[in-house]
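Scroll down for the structure; my scribbles are underneath it.
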Amino acid sequence: MKNTNKYTRQYYLPPKTEMKWTKKDYIDKAPIWCSVDLRDGNQALITPMSLDEKISFYKLLLEVGFKQIEVGFPAASDTEYTFLRTLVEQNLVPDDVTIQVLTQSREHIIRKTFEALKGVKNAIVHLYNSTSVAQREQVFRKSKKEIIDIAVEGAKLFDDIAKEMGVDYRYEYSPESFTGTEPEFALEICNEVLDVWKPTPEKKVIINLPVTVELSMPHVYANQVEFISDNIKYRDSVEISLHPHNDRGCGVADTELGLLAGADRVEGTLFGNGERTGNVDIITVAMNMYSQGVEPGLDFSNMPMIVSLYEKVTGMQVNMRSPYSGKLVFAAFSGSHQDAIAKGMKWIDEKHPEHWTVPYLPIDPKDVGREYETDVIRINSQSGKGGIGYLVETRYGYKIPKKMSEDVGYTIKGISDRLHKELTADEVFDNFLNLYVNVNAPLELIDYHFQRDPDVNVKDIRVSLTVKENGKEKEIIAFGNGRLDAIANALRANGLKFSDLTYEEHALEQGSKSQAVSYVSIKLEDGSVSWGTGLEDDIIASSIKALFSAVNRFLLSK
């Protein structure tokens with residue numbers, strides 16, 4: 001690209017830190033979660049949510065388990081003010097939930113914000129002002145001292161108006177555009193605000209360090225967070241909070257490294273909705289923890305419902321590959337992947353291990369409300385015998401022999417390839433039934449009768465087999481050392497040449513009724529093998545129909 005020289009690094013490194021976060025390999029406990037879907041997420045929508053939609057979304061956030069929910073900027077518009085008042089007047093705020101609101105450092109805005117909170121038991125009032133070099137120079141054209149004065153004046157107004165109104169809310173301060181701010185200056189302005197509020201362990205202040213715009217690799221942000229965490233005043237009375245955006249596609253990484261670096265709290269949205277490329281996706285961060293055996297404190301066990309409601313009220317679409325929530329994130333089309341998953345699932349069923357270790361599936365899809373049969377094994381021209389066999393067995397009960405699975409797999413893949421489409425589970429099964437089960441043409445089975453013939457050998461079975469071929473019925477007499485062998489010899493007497501007959505069977509449960517399923521293979525003169533399946537009420541009839549299916553599949557292929 002020709003304009004590379006147009007750009008440069010806009011972030012600032014902190015003084016040398018120990019980088020203690022690099023010595024940790026996972027997050028060992030959940031942070032305090034704060035959803036900002038109803039403010040940061042809502043303002044990013046082409047068509048913001050209506051009052052009813054916001055209430056529906058708010059109830060979803062409660063159901064998921066959020067205890068801190070930012071409901072908007074009540075002084076910014078009548079809609080947001082009305083929404084907050086509706087929550088209060090309809091008694092929709094549980095006692096253990098804290099409502100968060102955002103305000104600028106201006107007296108009439110702060111005053112209206114506190115008025116909107118009347119009747120709220122637990123609230124966080126969030127003050128912010130921009131502190132980055134770019135904002136100071138280009139937008140505000142103010143010195144560092146003047147920027148500090150804005151923050152300090154706002155902090156004092158919080159205290160004054162709270163005392164005037166007789167309320168005792170918690171406070172939060174954000175040096176907005178933190179990632180473009182010199183870390184020493186960010187520390188200075190945060191300490192100045194803390195000196196006004198004088199937090200205590202019983203009434204902690206939140207210092208929020210927003211990745212307003214991602215300007216660096218995630219480890220740089222972690223170093224900045226660790227510097228603030230290690231040097232901030234009143235540390236035992238401060239919660240360090242993260243608010244990452246996703247301009248570089250690293251919002252989740254910023255959050256995870258920031259937590260390793262000492263942060264206590266995360267502000268984000270479901271599915272990463274937010275301005276520009278979005279906010280950090282809280283679902284991904286929480287589920288990443290869950291996949292490592294750490295309780296995230298949020299409940300995403302019904303992910304399809306969450307996705308459905310989110311899409312309905314926001315008008316947004318969850319990407320099919322969005323981690324943990326997308327329609328295809330557990331789907332395996334590749335034959336080798338399907339085979340590994342099928343074998344892994346069988347291993348889990350056999351061994352009942354303590355931990356989940358199925359290849360290609362970092363978590364059990366059922367933990368987020370997904371189904372193996374419809375969500376994991378997906379059938380197209382890239383699929384393999386293992387996946388198709390697994391699907392037919394787990395969903396429909398047919399335990400196709402391993403060698404037969406390869407034949408069925410190639411057949412089903414060929415159908416998908418010709419149609420240029422994915423096949424649903426029912427389409428796979430319908431094709432299996434039509435092509436392999438009880439195939440009775442061109443050689444039609446009409447009837448058969450068995451009897452022992454003492455004149456030949458007491459162990460031999462005599463069969464009188466009636467078939468229809470080319471529109472004509474004929475009766476064939478043959479003998480065998482068993483019923484299926486006798487039928488096979490009758491078919492050979494009719495001119496069919498095959499050998500090496502193999503046979504497997506099992507019961508198929510269908511409701512309260514059990515049927516017999518048989519699988520038969522025959523080896524033809526050219527060395528090829530033809531497979532067939534029979535389904536009947538008794539095992540003898542099932543095995544005979546399986547043999548006729550194998551023969552007819554061979555005849556149809558000629």
Side-chain angles (χ1 to χ4, degrees), residues 379 385-386 388-393 395-415 423 427-448 450 461 463 465-470 474 476 478 480-508 510 514-558:
I379 306 303
K385 63 182 185 300
I388 293 169
Y390 176 81
L391 179 63
V392 173
E393 177 177 348
R395 192 176 177 99
Y396 305 103
Y398 284 75
K399 301 175 184 177
I400 301 174
K402 184 177 181 181
K403 290 183 178 180
M404 183 180 178
S405 287
E406 185 171 345
D407 188 85
V408 175
Y410 279 120
T411 300
I412 299 299
K413 285 168 59 176
I415 293 169
L423 300 180
E427 287 173 329
V428 169
F429 186 57
D430 287 345
N431 278 290
F432 171 70
L433 291 179
N434 292 334
L435 296 174
Y436 287 90
V437 182
N438 294 352
V439 182
N440 203 28
L443 184 64
E444 184 179 353
L445 171 64
I446 301 298
D447 200 3
Y448 53 86
F450 296 107
I461 297 292
V463 66
L465 176 67
T466 304
V467 297
K468 181 185 285 188
E469 188 173 21
N470 298 322
K474 65 173 76 172
I476 309 166
N481 58 15
R483 289 176 174 83
L484 187 60
D485 186 53
I487 294 285
N489 287 334
L491 292 173
R492 291 185 181 104
N494 192 49
L496 289 168
K497 295 182 180 181
F498 60 88
S499 62
D500 296 346
L501 185 151
T502 68
Y503 165 75
E504 293 185 31
E505 54 85 13
H506 66 82
L508 177 70
Q510 295 182 323
S514 178
Q515 289 186 294
V517 180
S518 299
Y519 308 93
V520 165
S521 73
I522 55 175
K523 187 175 182 180
L524 291 313
E525 280 188 301
D526 62 1
S528 63
V529 175
S530 182
W531 284 91
T533 301
L535 176 66
E536 259 298 344
D537 290 338
D538 73 85
I539 195 63
I540 298 301
S542 167
S543 63
I544 293 169
K545 289 194 172 183
L547 175 56
F548 265 78
S549 294
V551 166
N552 279 313
R553 281 184 52 76
F554 161 64
L555 294 174
L556 289 168
S557 69
K558 292 174 65 175

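Worth saying up front: this structure is predicted, and the values here are computed from it rather than measured. Scope of the values below: all heavy atoms of this structure, side chains included, with no hydrogens, waters or symmetry mates.
- Between the CD1 atom of Ile400 and the OG atom of Ser405 there is a distance of 5.0 Å, given to the nearest 0.5 Å.
- Residue Asp430 holds its CG atom at 6.5 Å from CG of Asn434, rounded to the nearest 0.5 Å.
- Nearest approach of Ser530 to Ala550, heavy atoms of both residues: OG-O, 2.6 Å.
- A heavy-atom distance below 4.5 Å is found between the side chains of Ile476 and Val467.
- Of all heavy-atom pairs spanning Ile522 and Leu524, the tightest one is O-CD2, 3.7 Å.
- Within the 4.5 Å cutoff, side-chain heavy atoms of Ile388 are placed close to those of Val408.
- A salt bridge does not link Lys497 to Asp526: none of the charged nitrogens lies less than 4.0 Å from a carboxylate oxygen.
- Going from atom CG of Leu445 over to atom CD1 of Ile487 covers 7.0 Å, rounded to the nearest 0.5 Å.
- Between the CH2 atom in Trp531 and the NZ atom in Lys403 there is a gap of 7.5 Å [rounded to 0.5 Å].
- Between the side chains of Ser521 and Thr502, at least one donor N or O lies within less than 3.5 Å of an accepting N or O.
- For the pair Asn489 and Ala478, the tightest heavy-atom approach, listed with the atom from each and the gap, is C-CB, 3.9 Å.
- The heavy-atom pair separating Ser518 from Ser542 by the smallest distance is OG-OG, 2.7 Å.
- Judged by distance alone, with hydrogens and angles left aside, the side-chain atoms of Arg483 form no donor-acceptor pair with the main-chain N or O of Ile461 at under 3.5 Å.
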Criterion side-chain contact (heavy atoms from CB on, under 4.5 Å) on Tyr503 and Leu484, from CA distance to verdict: CA-CA 10 Å; Tyr503 165 75; Leu484 187 60; 4.1 Å; yes
Chi angles and distances behind the side-chain contact (heavy atoms from CB on, under 4.5 Å) call for Leu547, Leu491: CA-CA 10 Å; Leu547 175 56; Leu491 292 173; 3.9 Å; yes
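- When all heavy atoms are compared, the tightest approach of Asn438 to Leu535 is OD1-N, 2.9 Å.
- The aromatic rings of His506 and Tyr398 stand perpendicular to each other, their planes meeting at an angle above 60°, with 30° marking the opposite boundary.
- In this structure a side-chain-to-backbone donor-acceptor pair under 3.5 Å is present from Asn552 to Leu443.
- Side-chain N or O atoms of Thr411 include one that pairs as donor or acceptor with a backbone N or O of Asp407 at under 3.5 Å.
- Rounding to the nearest 0.5 Å places CD of Glu504 at 8.5 Å from OH of Tyr519.
- Counting heavy atoms from C-beta outward, Tyr448 and Ile544 have side chains that approach closer than 4.5 Å.
- Judged purely by atom type and a 3.5 angstrom limit, Asp537 has no side-chain atom pairing as donor or acceptor with the backbone of Gln515.
- Of the possible donor and acceptor atoms, one in the side chain of Ser549 sits under 3.5 Å from a partner among the backbone N and O of Val439.
- Under the 4.0 Å criterion applied to side-chain N and carboxylate O atoms, Lys545 and Glu536 are assigned as salt-bridge partners.
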Glu444 and Ile446: CA distance, side-chain angles, deciding distance, side-chain contact (heavy atoms from CB on, under 4.5 Å) verdict: CA-CA 6 Å; Glu444 184 179 353; Ile446 301 298; 3.7 Å; yes
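- Once rounded to the nearest 0.5 Å, the distance linking NZ of Lys468 with NZ of Lys474 reads 13.0 Å.
- Of all the heavy atoms in Phe498 and Arg492, the pair that sits closest is O-NE, 3.0 Å.
- Using cut-offs of 30° and 60° for the angle between ring planes, the Tyr436 and Phe432 rings count as parallel.
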